[in-house]
2 protein chains.
Amino acid sequence: MTEARPDFRQGPGITRVAALLGDPSRAAMAEALMSGMALTANELAQEAGIAASTASGHLAQLLHEGLLSVTPRGRHRYYRIAGPEVASALEGLMGLVEAKGPSRCRPGPHDPALRHARSCYDHLAGALAVQMHDSLAARGLLRPGPEGLVLSETGASALAPLLPGVRLLAGRQCLDWSERRMHLAGPLGRALLLALLDQGWARRGQGREIALTRREEAGFAALFPLPQGSGAVW
Amino acid sequence: MTEARPDFRQGPGITRVAALLGDPSRAAMAEALMSGMALTANELAQEAGIAASTASGHLAQLLHEGLLSVTPRGRHRYYRIAGPEVASALEGLMGLVEAKGPSRCRPGPHDPALRHARSCYDHLAGALAVQMHDSLAARGLLRPGPEGLVLSETGASALAPLLPGVRLLAGRQCLDWSERRMHLAGPLGRALLLALLDQGWARRGQGREIALTRREEAGFAALFPLPQGSGAVW
DNA sequence: CCGGTGCTTCGGTGAGGGCCGAAGCATTCC
DNA sequence: GGAATGCTTCGGCCCTCACCGAAGCACCGG
C-alpha cells in the first residue's frame, strides 16, 4: 500500500522540461541552437517553420524555464542555449535517438563533414574530437579529478602552443553520438575549441560544422598524435 | 495554408522521446524505474496515480520507442529502463531541473539519506559515490581510455577485495545532481554497485536509497579513503 | 519626424492525446 | 475445473495547447 500520495498532480520535475522539448517546433529551435551560435527569434521561427508570433510564444516558455538565455542587441534579440547543463540534457536525448538505431535514418545531419568535426554546443565533437581525447589520454596527459578531467602538468605544457596560459580547467567525458566514443566536453573542452578557432587551427563552417584545410588537418594531427593502437585496444 | 511545407511536421529526432518524457504520468513511471528496480505495470500505474488501462497505453509507447524493456515473469510483466543511454538522458534532464535552482523545491527526493547514497539507475550516486570516485582518482587508480575511464592495474588489485575478478571495464564520469560533483557511471560504475550489494558492503533501502550500517560505512571508508585534500583543491 | 523592421501580445480555432470504465485474453492459484 | 489476478484493447469524453493573423510596442534609419 502506498500511503497518501504526496505527489501533487503535476508529475516529477523533469516533466516540464521534457514537455518543452517534446514539441516539434521547440525541439527544432533547440537543436538549431546546439550549434553554439546565437540566433534571432525570426531565424528560429524560420528554422522551425512556424509564424513569428508562434515562435515568440515558444521562446518565452523556453526562456522562462531557463533553457535559453537572451541578449538584446539593437532591435534583435539573440537567443542561445542557457548553459552546459542544458547542452548535456540535449546531448543525452540526442544520444538516445542515435542509440535506437536506424529506425529513422535522417540523411541531413549525417553528412561526412559533420561526422568528421562539428561543434557540440561549446566543444568539439566528431572524429577529430575523439582523436583529441584519445591522444591526450594515451599519452597520459589527462587524469580524473574531483571536478572532472584535468590536464596534468606535462599535458599543459604539451598544449602550450594551443593554449599558452592554460589553467587547470575541468573537463568531462561526453559520449560522441556519431563515433560512439568519448570526447572532451566541459570547460576544458570549451577552452580547447575556442583556442582552435581563435588561433586559426580550424574554422566554423555551415551550421555546426567545423572545417579544416589540409594544412590545418596536418597541424591538428601533429598536436594530437595517436601513438599506435588507435581503437578499442584497452 | 501550411500543407505545402516540405518539412514533414514531425520535428527533429529528440521530439518523440522528449514528448514521451514530457507527460506527467510517463515521467513519474520513468523516474520510479530510475531506482534500477524492475516494476510491474500495476505498480507503475499506482506510482503515477492513473488507471491500469491508461498506464498500459503509456508503457506500450515507452516500450515501442525503446525507452523501456519488459520481461514477462508469470502473470506479471516487469518493466525496467532499457539501457544506459536512457539512464543518461534521464540524468541529463534531472540535472537540468536541479540546476534551475529553488524555483520548485521538492522536499521528498531531498531527504538526507538520498543525498548520502542512492542508486542512479544502475550505479551508485550521492556523497558516497563522489567519495568513491575521488578516492580512486586521487590515488591515481583511474585513468581515461578510449571507451571511458578504466582502472589501472594497481587499481584493479586495490579493489580485489571488492571485485575479485575485475576486468578492464569502462566507466564514465557522471555529474551528481545533489553533490554537483563527478561520480562513476558506466559498466565500471554498475559493476562496483553490484559488488557492493552482492558482497554485503551495502544494502538497498526504500526506493533508490542505498543504506549502510555504521560498520558498513567504516568498511566503505577503508576501501575508498580520501587522502587529505577532499574538496575542490585542484 | 515618418516609414521600415523585429518582436511581442491577444482572441479564436482546431486537433491531438490523455483519461476512464467495461469488456476481452492470459496466467496462476485453489 | 472455476475463480481470482494481471494486463491489454476498445469507445467515448474532454481539455490542453499549438497555430495563425492582426494589432500593438520597441528600435533603427532617413
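Order of the sequence lines sets the chain letters (A, B, ...), proteins ahead of strands, with each chain counted from 1.
Atom CG of B/Leu62 and atom P of D/dC7 are 15 Å apart (whole Å). Following rounding to the nearest Å, A/His76 (NE2) and D/dC27 (P) show an atom-to-atom distance of 13 Å. The nearest whole Å value for the distance from the CD atom in A/Gln46 to the P atom in D/dC20 is 13 Å. As rounded to whole Å, 14 Å separates atom P of D/dG6 from atom CG of B/Leu44. Taking atom CZ on A/Arg16 and atom P on D/dC17, their separation rounds to 9 Å, with Å as the unit. Rounded to a whole Å, the CE atom of A/Met29 is 13 Å from the C1' atom of C/dC7. As rounded to whole Å, 12 Å separates atom P of D/dT8 from atom CD1 of B/Ile50. Here the C1' atom of nucleotide C/dG17 and the NE2 atom of B/His64 are 17 Å apart, to the nearest Å.
The side chain of A/Thr54 lies closest to D/dC19 when the candidates are D/dC19, C/dG6, C/dT27. Taking the side chain of A/Asp23 as heavy atoms from C-beta on, and the options D/dA18, D/dC27, C/dT8, the nearest nucleotide is D/dA18. Candidate nucleotides C/dC7, C/dC20, C/dC19 were compared by shortest atom distance to the side chain of A/Ala41, and C/dC7 ranks first.
Atom CG of residue A/Leu188 and atom NE2 of residue A/His133 lie 10.0 Å apart, to the nearest 0.5 angstrom. Atom CZ of residue A/Phe220 and atom CG of residue A/Leu124 lie 6.0 Å apart, to the nearest 0.5 angstrom.
Between C/dG18 and B/Arg26, a contact under 4.0 Å exists linking OP1 or OP2 to a side-chain N or O. OP1 or OP2 of C/dT8 lies within a sub-4.0 Å distance of a side-chain N or O belonging to A/Arg77. The phosphate of C/dC7 has OP1 or OP2 within less than 4.0 Å of a side-chain N or O from A/Asn42. Under 4.0 angstrom from either OP1 or OP2 of D/dA18 there lies at least one side-chain N or O belonging to A/Gln61. At the phosphate of D/dC19, OP1 or OP2 sits under 4.0 Å from a side-chain N or O atom of A/His58. Residue B/Ser25 places at least one side-chain N or O closer than 4.0 Å to OP1 or OP2 of C/dC19.
Using a 4.0 Å heavy-atom cutoff across all strands shown, B/Tyr79 reaches sugar-phosphate atoms only and no base atom. Among the heavy atoms of the strands lying under 4.0 Å from B/Ala51 are primed sugar atoms or P, OP1, OP2 only; no base atom is included.
Between B/Leu93 and B/Glu31 there is no side-chain heavy-atom pair separated by less than 4.5 Å.
Look at B/Glu147 and A/Arg181 and you find a salt bridge, because one of the NZ, NE, NH1 or NH2 atoms lies within 4.0 Å of a carboxylate O, short of that distance.
Annotation for A/Gln46: atom CD does not count as buried by contact number, only 12 or fewer foreign heavy atoms lying within 6.0 Å.
Toward the 5' end of DNA chain D, the nearer of the two residues A/Arg75 and B/Ser56, judged by each one's closest nucleotide, is B/Ser56.
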